[in-house]
Number of protein chains: 2
Amino acid sequence: MTTRSYRQHCGLARALDVLGERWSLLIVRELTFGPKRYRDLADNLPGLGTNLLAARLRTLESAGVVGKGVLPPPANVQVYELTPRGEQLRPMLEDLALWGFQLLPDDGGDDLARAAWAALSMCAVMDREGSGDVRGTFAFEVEDERFYLSLTAGEPRVRNGVPPDPPDVRVVTDLPTFFALAARRLTPAKALRDDLLAVDGDRRRLDALLAVFHLPARAPA
Amino acid sequence: MTTRSYRQHCGLARALDVLGERWSLLIVRELTFGPKRYRDLADNLPGLGTNLLAARLRTLESAGVVGKGVLPPPANVQVYELTPRGEQLRPMLEDLALWGFQLLPDDGGDDLARAAWAALSMCAVMDREGSGDVRGTFAFEVEDERFYLSLTAGEPRVRNGVPPDPPDVRVVTDLPTFFALAARRLTPAKALRDDLLAVDGDRRRLDALLAVFHLPARAPA
DNA sequence: CGGAATCCTCTTCGATACTG
DNA sequence: CAGTATCGAAGAGGATTCCG
């Protein structure tokens, strides 16, 4: 498996030698949410064959973008995680996500959707335009997804799993409601009234959070 | 030719549906230097088959990233150029170029090298870290390449061809010397002494320009 | 059972030849 | 000059099997 190269002495071409193959950047996206095991990566990337996943991880590892780690006991399982060099890619992924967001159809069709992916774009917006005075840790449970958004210190971040410390707000909902809230087609108040949403903690923090999320408008091709 | 998609309702995945195929971002890179004809694109992207180039241009065009234009008379030839949506990609290309730069081998091997590609990274550095009080238009003639760097108003930019107005400084050199200057392994003074470089105009401006170009250090894999 | 290597089919890529 | 047509080679996708 001799890795293909553009053979150009150019930073962009070199970056694409490492990251430009199919699925590579989506693997990096998954790892921006925190360390993941092989199986979880495969589950979040349907269509990616197990042989390719292994090959991509090998390529990314030898380029110093991802590394293998071991979760602390009692888990003791092997996980893949971003190295510092991989973490450097986060702002580029966010920029690309915002750029691509304008090309997304309003209706997702039957495409796979994950709330954490939308949360990544939200972080990107807050990174770039500030998050006002919204602070705190927000734990989300959207169908089978568990992730949390921390706006405590530094940059906003989405991480998978449950927060290490009790969150300020805990939000339980389903995927359509989450997307409707993010797109501001629905207010938390109305979602609560219709029993589409459950909130633990200070609800006003959630209102404040959603007020900052003005994702860019979508423009059709 | 039904264009392949990741089928994920995610901005990044959508961006990669459009830009993630082989060669696409390098085509965009070429067009960041200004409008180009089909042949010039093909010449700068060896290894890219003409059928693929046509296919990529079609895909990029239908995604609203590139458009067809016609050069003003008497040229009257068809060119491809970035649309505003394509121009939005410039900062991401620059970020990726800087990220990939650290992975470039010191010795280019027998990879294709272009001075304009290095100039793109230089612009990226100046974009991010400021260009001090360096101002002006710098025309470069590096072997068969003609491009210019403008630091007049707004952001630094590299464009191919010759500047519309007479440049403040005109620099003629060869590729190894250009790279040595950019990497600061060589000073303009010494290059001039060794007859590797010719400068028209205020030479101190060139010194000032090169002083700003501290490209990131390269770290091997 | 999770983490991969193997096999096989299908699509895409890359190079050349060809056409308006 | 600006593409289209063609074809062998390489890569992707899916199922299955192998290892620990």
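Letters A, B, ... mirror the listed sequences (proteins, then strands); counts begin at 1.
In this structure, the nucleotide among C/dG3, D/dT4, D/dA12 sitting nearest to the side chain of A/Arg39 is C/dG3. Comparing C/dA5, C/dT16, D/dA2 by their nearest atom to the side chain of B/Tyr38 picks out D/dA2. Looking at the side chain of A/Arg4, the nearest of the listed nucleotides D/dG11, D/dT4, C/dT12 is D/dG11. For A/Arg37, the listed nucleotide lying nearest its side chain is C/dG2; candidates were C/dG2, C/dA4, C/dC13. The side chain of B/Ala54 has D/dT4 as its nearest neighbour among C/dC7, D/dT4, D/dA12. Nearest nucleotide to the A/Gln78 side chain, out of D/dT16, C/dG3, C/dG14: C/dG3.
No donor-acceptor contact under 3.5 angstrom links the side chains of A/Asn160 and A/Arg146, judged on distance only.
A ring-centre distance under 6.0 Å is not found for B/Tyr148 and B/Phe140.
For D/dG11, the OP1/OP2 oxygens have no side-chain nitrogen or oxygen of A/Arg56 closer than 4.0 Å. Regarding contacts with the backbone of C/dG14, a side-chain N or O of B/Arg22 is found under 4.0 angstrom from either OP1 or OP2.
For A/Glu155 and A/Arg90, the salt-bridge test fails: no basic side-chain N is under 4.0 Å from an acidic carboxylate O.
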The dot-bracket string of DNA chain C, counting Watson-Crick and G-U wobble pairs with both distances under 3.5 Å, using [ ] for crossing pairs and | for pairs to another strand, is |||||||||||||||||||.
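Residues meeting the side-chain contact (heavy atoms from CB on, under 4.5 Å) test with A/Pro166, sequence neighbours left out: none. In terms of the side-chain contact (heavy atoms from CB on, under 4.5 Å) criterion, residue partners of B/Ala54 (sequence neighbours excluded) are, by chain and number, B/Tyr38, B/Arg58.
For the pair A/Arg22 and B/Ser5, the tightest heavy-atom approach, listed with the atom from each and the gap, is NH2-O, 3.8 Å.
For D/dG14, the base has a donor-acceptor partner in the side chain of A/Asn51 [N/O atoms by modelled type, under 3.5 angstrom].
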